[in-house]
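This report refers to the structure that appears directly beneath it.
Since the structure is predicted, the reported quantities are computational estimates derived from the model, not experimental observations.
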Amino acid sequence: MAITVNKQAKTITLHTKHTSYQMKIGNLDYLLHLYYGPSIPDADMSWQIMQYDRGFSGNPYESRGERTFSLDAQPQEFSTQQQGDFRAASIQVVNSDGSYSFHGKAESYQILKGKYKLDTLPTVFARDTDIVDSLEVTLVDQASQVKVLLLYGVFEEADIITRAVKVVNGGDKPIHLSKIMSLCLDFLNGADFDLVSLPGRYGQERQVERQAMTHHIHNIGSVRGSSSHQQNPFVILCGRETTEDYGRCYGFSLMYSGNFLAEAELDQYDQLRLGMGINPKQFFYQLKPGETFEGPEVVMAFSMEGFTGLSHLYHDFYRTNLCRSKFVSQVERPVLINSWEAAFMDFDDVKLVKIAEAAKDMGVDLLVMDDGWFGKRDDDNSGLGDWVVNENKIKCGLHKLVEQINDLGMKFGIWFEPEMVSEDSDLYRAHPDWAMEIPGRHAVRSRNQIALDLSRKDVQDYLIKSVNAILDDANIYYVKWDINRSLTDIWSNGLPAQKQGEVYHRYILGLYRVMDEIILTHPDILFEGCSGGGGRFDPAMLHYYPQYWVSDNNNPIDRLKLHYGTSFVYPTCTMGAHISDSGRFVPLETKAVVAMCGTFGYELDATHLTKEEQKICREQSRLFRKYYHITFYGDFYRLTNPFAPGNMTAWQHVTKDKRESLVSVVVTNLTCNGPQEYVKVKGLEPFAMYSVNGSQETRSGAGLMNAGIPINREVPEYSAFQFHLVRKD
Ligand code: GLA
């Protein structure tokens, strides 16, 4: 049973294979959080909570002078508002009378077979073979009749628990929400916790940062209108002792692509609260009587096996329960070549065909025509929004171009940036009111473009129609969906003044609708997400796209850190990675080894390569296909930390049955006359024998893991190695 109820103790316990999560309808019907961690029986854990009279921490009225019950010191499933809990709030309701309060008490609960759904937001799903139960607990504020529905999805085998929230206005007058967190998780003792996050910037996304929890609120979030390059909607809370391989760690991954907030607060009593949800910045959402608001889903996991254990839980789950695209498991991803760094916007049909012809010899399957093919678009100052082929460039027309590529035995892909408009475009001239600009002010330009107001249905409909028209017209196999600026000037001409606080969120809802109507209606097209590189790399996006461009930074040495950080939560098969001209001193073979950590492809002018270089590429494309079953479906191990001092970076993929493994090593620094270095691999069968790169001689799994593979140090700088291990018995 994934969810058990102890009626006497009024506890509800969620059980996955190795974890448990317990809550209790406690004193005065407040919903208390009792436990999340390694499996426990469903016996009441409320003996954990010690009650004291805490000065300056008030008591609810109904406790009638009983001073030891203060919500400021109780672990809660969802913190109330104006009930004496001064920690980070889960909700801020502005009631119809202008008061700010929500006194939510548990009214009822129900256990449902299968996974709950949200109507407006993407969620993970249960496959037919998954055992999943859901719990819904309803909290009610008696005075306002505002209800909060806490939703829990329990994926037993996967060791995953999801949470989401709904707010229902059960009263008879409109209310406003100014904050709503999808998750509130309280730890009674959090003083020895560290917080790990993935901050970054354009070109350097998802670097890893670890900080000790101290007595304040640590905010990790984005207010850029997208999940952003600067932070990622994923945090880890781990013990101070936790390492890559050992120790407790909790992961929290938010399925949302807009403004988000993770707030981790270590309070006066060393209790730790983590809240996660939509960022309250400029959020003011009206709910009329009977209306419901849905908060995005948080995917939670716990492991005792350090960061590796936690990553494996997310990798396995996100590989199977996040995206329904056939390219996740049924159809192999192609090796692609993208025109961007080859030609930028300076191309025509003839040039593209020449690149494709040269790429064909490199074992490439797919040509992607990047930015510059539509409207009037010779630089990034014009054309966005006009999704019509520019026949001055594609003189033969899209059909003919695709045909020529297909005749080479290759597939064709195309780039879009649907969410944006250039001032110099037919779309803007026809519909200036569709752009996000505050009346009477000039909008901030970023890459000289303006965001379209996706909260508007007419804008959504235009995008659905114009993008689908291209997709349905030619034989398109792949789409790269880009967004190249942060949102500012938040305003919708489609909403009245008092509803402008809804625009940030409505933009995201509109975006998901557009994606539903373009992506889900084209199951045979492979979609790749992109945002000026990896600026919106989040699980909600990966619900739609099986892969996402990691970064515009193609330098293979920088990529070692980018892939390392991204892999903390996202499986390597989601990571768009290409070989380009970037990294002049790095050999082509090394670039290929790095790109093979992800989806593999090229981003260069293939016609400029020598015959010898083309041959190397052909071999690398062949190896990518040879190792596909290991790198796309195997377990991933970070063998070294590229942020720590060291002379090499190593990582490894191992098939689930441990019969095969690919170990990749890049030498990043050569010390003169330095010590011999060894790479200790992981995840093998200790007593099995493995061949290395097809040699007759075999080595034991235990030897490879405990003594390590010696790395030849008499090699040129930036050399790379791949060790293909095959079990022999
Ligand atoms: C972004 C992307 C690039 C490329 C350009 C085109 O920067 O990350 O890969 O598509 O846009 O304008």
Side-chain angles (χ1 to χ4, degrees), residues 6-12 21-36 44-109 137-150 165 167 170-171 175 177-181 183-191 213 215-217 263-275 280:
N6 180 334
K7 286 221 159 102
Q8 231 173 358
K10 293 195 177 169
T11 57
I12 307 173
Y21 184 111
Q22 194 176 81
M23 68 194 81
K24 177 184 176 95
I25 302 176
N27 200 4
L28 304 173
D29 287 340
Y30 286 105
L31 188 64
L32 304 181
H33 173 78
L34 296 184
Y35 182 82
Y36 184 30
D44 185 4
M45 287 283 288
S46 56
W47 48 267
Q48 286 274 297
I49 306 174
M50 304 293 282
Q51 313 271 37
Y52 302 104
D53 178 357
R54 297 283 199 180
F56 286 86
S57 289
N59 322 106
Y61 171 78
E62 304 94 309
S63 54
R64 307 270 173 201
E66 164 55 64
R67 296 187 184 188
T68 63
F69 184 76
S70 170
L71 291 176
D72 212 18
Q74 298 289 315
Q76 295 170 66
E77 276 300 306
F78 187 81
S79 72
T80 55
Q81 183 188 5
Q82 299 244 49
Q83 277 282 272
D85 183 350
F86 295 95
R87 293 170 290 172
S90 303
I91 188 167
Q92 272 165 20
V93 182
V94 185
N95 293 303
S96 55
D97 60 3
S99 64
Y100 291 75
S101 59
F102 175 76
H103 300 181
K105 292 189 173 186
E107 182 194 58
S108 60
Y109 64 85
V137 185
T138 304
L139 310 180
V140 184
D141 178 309
Q142 284 305 334
S144 64
Q145 282 304 309
V146 173
K147 296 187 183 193
V148 169
L149 275 52
L150 302 179
V165 67
V167 182
I175 59 161
L177 283 177
S178 62
K179 180 179 183 187
I180 176 73
M181 294 281 103
L183 163 88
C184 168
L185 187 64
D186 281 353
F187 295 87
L188 283 166
N189 184 356
M213 285 302 302
H215 291 95
H216 67 273
I217 303 184
E263 45 184 358
E265 177 174 14
L266 189 65
D267 77 2
Q268 54 182 336
Y269 308 125
D270 283 356
Q271 301 177 121
L272 171 59
R273 166 168 295 171
L274 180 75

Keeping the roles fixed (side chain from Asn95, backbone from Gly98), state whether a donor-acceptor pair exists under 3.5 Å. no
Gly58 to Ser70 - nearest heavy-atom pair and separation: O-OG, 2.8 Å
For Asp186, all residues meeting side-chain hydrogen bond (donor to acceptor under 3.5 Å, both in side chains), sequence neighbours excluded: Arg273
Can you name the residues that form a ring-ring contact (aromatic ring centres under 6.0 Å, His included) with Tyr109, not counting sequence neighbours? none
Between the side chains of Tyr30 and Thr80, is a donor N or O closer than 3.5 angstrom to an acceptor N or O? no
Output every pair passing salt bridge (charged side-chain N to carboxylate O under 4.0 Å, His left out) with a member in residues 68-81, not counting sequence neighbours, ordered by first then second residue. Glu77-Arg163
Here the gap from Gln76 atom CD to Ser90 atom OG, rounded to the nearest 0.5 Å, amounts to 7.5 Å
Taking salt bridge (Lys or Arg N to Asp or Glu O under 4.0 Å) as the definition, give me every residue that meets it alongside Glu66, ordered by chain and number, with sequence neighbours left out. none
Applying side-chain hydrogen bond (donor to acceptor under 3.5 Å, both in side chains) to Gln22 and not counting sequence neighbours gives Thr13
Rounded at 0.5 Å granularity, tell me how far CG in Asp141 sits from CD in Gln82. 11.5 Å
Contact check, side chains of Phe102 and Leu177, non-hydrogen atoms, under 4.5 Å: no
Heavy atoms, side chains only, cut-off 4.5 Å: are Ser63 and Leu28 in contact? yes
By ring-ring contact (aromatic ring centres under 6.0 Å, His included), Tyr35 pairs with (sequence neighbours left out) none
Any side-chain heavy-atom pair from Asp53 and Asn59 closer than 4.5 angstrom? no
Would you please name every residue forming a side-chain hydrogen bond (donor to acceptor under 3.5 Å, both in side chains) with Glu265, sequence neighbours left out? none
Do Glu107 and Lys147 come close enough that some side-chain heavy atom pair is under 4.5 Å? yes
List for me each residue that meets salt bridge (Lys or Arg N to Asp or Glu O under 4.0 Å) alongside Lys179, sequence neighbours excluded, and say none if there are none. Glu263
Would you say the side-chain atoms of Gln51 and Thr68 include a donor-acceptor pair closer than 3.5 Å? no
Ile25 side chain reached by Leu31 side chain, heavy atoms, under 4.5 Å: yes
Partners passing side-chain hydrogen bond (donor to acceptor under 3.5 Å, both in side chains) against Gln81 (at least two apart in sequence or in another chain): none
Partners passing salt bridge (Lys or Arg N to Asp or Glu O under 4.0 Å) against Lys10 (at least two apart in sequence or in another chain): none
Sequence neighbours excluded, which residues qualify as ring-ring contact (aromatic ring centres under 6.0 Å, His included) partners of His215? none
Compare all side-chain heavy atoms of Glu62 with those of Lys105 and state whether any distance is below 4.5 angstrom. yes
Just jot down the ring-ring contact (aromatic ring centres under 6.0 Å, His included) partners of Phe78, sequence neighbours excluded, or say none. none
Are Tyr100 and Gln92 side-chain neighbours, meaning at least one heavy-atom pair lies under 4.5 Å? no
Heavy-atom side-chain proximity of Ser79 to Leu71 below 4.5 angstrom: no
